[in-house]
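Structure first, commentary second.
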Amino acid sequence: MSHEIRTPMNSIIGFSDLLKKDDLALETKHKYLNIIDGNSKQLVNLVDDIIDVSKIESNNLKIITENFKISETLIDLEVMFNQLKLDENKSSIIFKAHVPEDCKHLTIKSDGLRIRQLLANLLSNALKFSVQGTISFGFKKAESDLIFYVKDQGIGISPDNITGIFERFKQVNTGVSKNKGTGLGLSICKGIVHLLGGEISVQSTLNVGSVFTFNIPFEEVYPLKSKNIEHKNEIQSFKGITVLLADDDSFIQLYFKEIMKLWEVNILVADNGEIAVEMYKNFPGIALVLMDLRMPIMDGFKATAEILKFDPKAKILAQTADLTGIEKVKIMKIGCKEYLTKPIQKEQLLTVFQKWV
Ligand code: ADP
């Protein structure tokens, strides 16, 4: 343990010291800062992991149950990891979540945050130990359990090394991937799965890939009937309509695509205001436009004005992360119906759809 803490700590102290020199070139300074940054993050991860391990060991990790829709957790993770892979320069890897057809609306009572943590841990390992291929993950319903899996086409683990893989600090020296992990992730997964009443296991073939599987006993929750029907009807009334999303952020694009897929709404995506105006002119019957205000080439203010010039009845909703008071007035003045503040939640989207579609 002391080695795990000392290594990043020594780098942080050492390179901070080097930074004190006056005559360092800017490039060198950036190099040192990046090293400090990387090691600090590694240290924070380690501290988080150690806290989790000690909570598990001392029986202090509390399971907090809540009702949650499992498909939403999976879709969130799919979006998040398809974004994270870009930071790791692994754009050819595809994360794909699979929700069984009969479980699309499955709501369960369990610890949603811990299940999310488990999947995120396994997904981040899958990313770390893959250079290409698809990382698929999902679950199926067995009698009283949900059986989750995370499958990758990565470097795999040899039979010799697979023994004890769920033990603390077990790391396989692969040489292929620069592993900045803590060697605690899988033991935390094991601890959490046990607390939730399940088991975790792995099957792996060297140079082919790995499948991690865990089961969790679950209790299905049936939402109040009237509310459920009401909610379903609301969403079904959007079925088949077309919305245009103008946003240059690939994360937001993916997020909206996933929600629209769930609601069976067609979505057109424009990377900038200019494309959005063209699309609006070329696709009749667009029910709603979700317009980001800050975009390259043509911003949302100009694009809104152009669309409204073409079709004064267009329903355009502005969406932005930060707005000044003056901008709010400006948005309403140019003819947007209203503005949504990022990050936009599904409930917020449902409310505006009900209002404007
Ligand atoms: P780490 O922080 O090193 O990832 P873990 O406990 O999460 O620690 O994993 C332990 C070891 O198991 C890793 O160092 C790696 O050698 C191996 N491992 C975990 N997941 C995978 C995977 N998906 N593919 C190949 N090897 C894996």
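Quick caveat, the model's predicted, so the values are computed rather than measured.
Using the six-membered ring where Trp is involved, Phe238 and Trp263 have ring planes that are tilted, between 30° and 60° apart.
Residues Thr213 and Val150 are not in side-chain contact: their nearest non-hydrogen atoms beyond the backbone lie 4.5 Å or more apart. By the 4.5 Å heavy-atom criterion applied to side chains, Met260 and Asn266 are not counted as neighbours. Proximity of Ile63 to Thr65: side-chain heavy atoms (C-beta onward) are separated by under 4.5 Å at one or more points. For the pair His98/Phe137, no side-chain contact is recorded, criterion being any heavy-atom separation below 4.5 Å from C-beta on. Counting heavy atoms from C-beta outward, Val193 and Leu118 have side chains that approach closer than 4.5 Å. Within the 4.5 Å cutoff, the side chain of Ile115 has heavy atoms near those of the Phe148 side chain. Counting heavy atoms from C-beta on, the side chains of Ile307 and Phe310 never come closer than 4.5 Å. Within the 4.5 Å cutoff, the side chain of Val243 has heavy atoms near those of the Ile241 side chain.
The CZ atom of Phe129 sits 5.5 Å away from the CG atom of Asn125 when rounded to the nearest 0.5 Å. For the atom pair OG (Ser250) and CG (Leu86), the distance works out to 6.0 Å, reported to the nearest 0.5 Å. In this structure, the separation between CG on Leu19 and CD1 on Ile36 is 4.5 Å, given to the nearest 0.5 Å. Note that CD of Gln42 is 8.5 Å distant from CD1 of Ile12, once rounded to the nearest 0.5 Å. Separation of atoms CD1 (Ile267) and CG (Leu288) is listed at 10.5 Å; rounding is to 0.5 Å. Rounded to the nearest 0.5 angstrom, Lys302 NZ and Leu293 CG are separated by 14.5 Å.
Of the possible donor and acceptor atoms, none in the side chain of Asp145 sits under 3.5 Å from a partner among the backbone N and O of Ile147. Listed for the Asn272 side chain is no donor-acceptor partner under 3.5 Å among the backbone atoms of Pro296. The closest donor-acceptor contact from the side chain of Lys85 to the backbone of Ile93 lies under 3.5 Å. Put simply, the side chain of Thr304 gets close to the backbone of Gly300: a donor and an acceptor are under 3.5 Å apart. Although no hydrogens or angles enter the test, the distance criterion places no donor-acceptor pair under 3.5 Å between the side chain of Asp37 and the main chain of Leu33. In this structure, Asn82 contributes its side chain and Phe95 its backbone to a donor-acceptor pair below 3.5 Å.
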side-chain contact (heavy atoms from CB on, under 4.5 Å) between Glu306 and Tyr280, worked out: CA-CA 10 Å; Glu306 290 285 318; Tyr280 194 89; over 6 Å; no
Test side chain to side chain donor-acceptor pair (under 3.5 Å) applied to Gln253 and Asp271, step by step: CA-CA 9 Å; Gln253 291 180 0; Asp271 282 332; 2.7 Å; yes
Check against side chain to side chain donor-acceptor pair (under 3.5 Å), Asn161 and Ser158: CA-CA 5 Å; Asn161 286 323; Ser158 70; 3.2 Å; yes
side-chain contact (heavy atoms from CB on, under 4.5 Å) between Lys190 and Glu167, worked out: CA-CA 9 Å; Lys190 185 175 152 192; Glu167 300 312 316; 3.2 Å; yes
Worked verdict on Leu146 versus Asn215 for side-chain contact (heavy atoms from CB on, under 4.5 Å): CA-CA 6 Å; Leu146 288 183; Asn215 67 303; over 6 Å; no
Chi angles and distances behind the side-chain contact (heavy atoms from CB on, under 4.5 Å) call for Leu317, Val352: CA-CA 9 Å; Leu317 311 178; Val352 292; 4.0 Å; yes
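Leu196 and Leu119 fall within a single hydrophobic cluster, where Ile, Leu, Val, Met, Phe, Trp and Tyr are joined by side-chain heavy atoms under 4.5 Å apart, directly or via other members. Both Ile50 and Leu186 belong to a single network of hydrophobic side chains, linked directly or stepwise wherever heavy atoms of I, L, V, M, F, W or Y lie under 4.5 Å apart. Both Leu184 and Ile5 belong to a common hydrophobic cluster when Ile, Leu, Val, Met, Phe, Trp and Tyr are linked at side-chain heavy-atom distances under 4.5 angstrom. Ile188 and Ile165 fall within the same hydrophobic cluster, defined by Ile, Leu, Val, Met, Phe, Trp and Tyr side-chain heavy atoms under 4.5 Å apart, directly or through other members. Two different hydrophobic clusters hold Leu244 and Val269 under the rule that ILVMFWY side chains link at heavy-atom gaps under 4.5 Å.
Shown here for Pro100 and Lys140, the closest heavy-atom pair between the two residues is CG-CA, 4.3 Å. Looking at every heavy atom in both residues, Ser204 comes nearest to Gly209 through OG-O, 3.2 Å. The nearest pair of heavy atoms linking Asp152 to Ser130 is CB-OG, 3.7 Å. For Met279 against Ala270, the heavy-atom pair with the smallest separation is SD-CB, 4.0 Å. Scanning all heavy atoms of the two residues, the minimum distance from Leu206 to Gly156 falls at CD1-O, 3.8 Å. Considering all non-hydrogen atoms of both residues, Asp49 and Gly185 come closest at OD2-N, 4.4 Å.
Other residues, nucleotides and ligands place no more than 12 heavy atoms under 6.0 Å from the NZ atom of Lys41. Within a 6.0 Å radius of CG in Asp23, other residues, nucleotides and ligands contribute more than 12 heavy atoms. No more than 12 heavy-atom neighbours from other residues, nucleotides or ligands sit within 6.0 angstrom of CE on Met9.
The existence of a salt bridge linking Lys109 and Glu66 is excluded, since no basic side-chain nitrogen approaches an acidic carboxylate oxygen closer than 4.0 Å. Ionic pairing of Glu101 and Lys104 is present here: one or more N-O contacts between side-chain nitrogen and carboxylate oxygen are shorter than 4.0 angstrom. A salt bridge between Glu258 and Lys261 is present, with a side-chain N of the basic residue lying under 4.0 Å from a carboxylate O of the acidic one. Salt bridge status for Lys141 with Glu220: present, with a side-chain N to carboxylate O gap under 4.0 Å.
Among residues two or more places apart in sequence or in another chain, the side-chain contact (heavy atoms from CB on, under 4.5 Å) test is passed with Glu57 by Val53, Arg168. In terms of the side-chain contact (heavy atoms from CB on, under 4.5 Å) criterion, residue partners of Leu84 (sequence neighbours excluded) are, by chain and number, Met80, Phe81, Asp87.
Using modelled atom types, one finds a donor on one side chain and an acceptor on the other under 3.5 Å when comparing Asn60 with Ser58. Checked by atom type, the side-chain pair Asp52/Gln117 shows a donor-acceptor distance below 3.5 Å. Checking Asp76 against Thr73 by side-chain atom types alone, no donor-acceptor pair falls below 3.5 Å.
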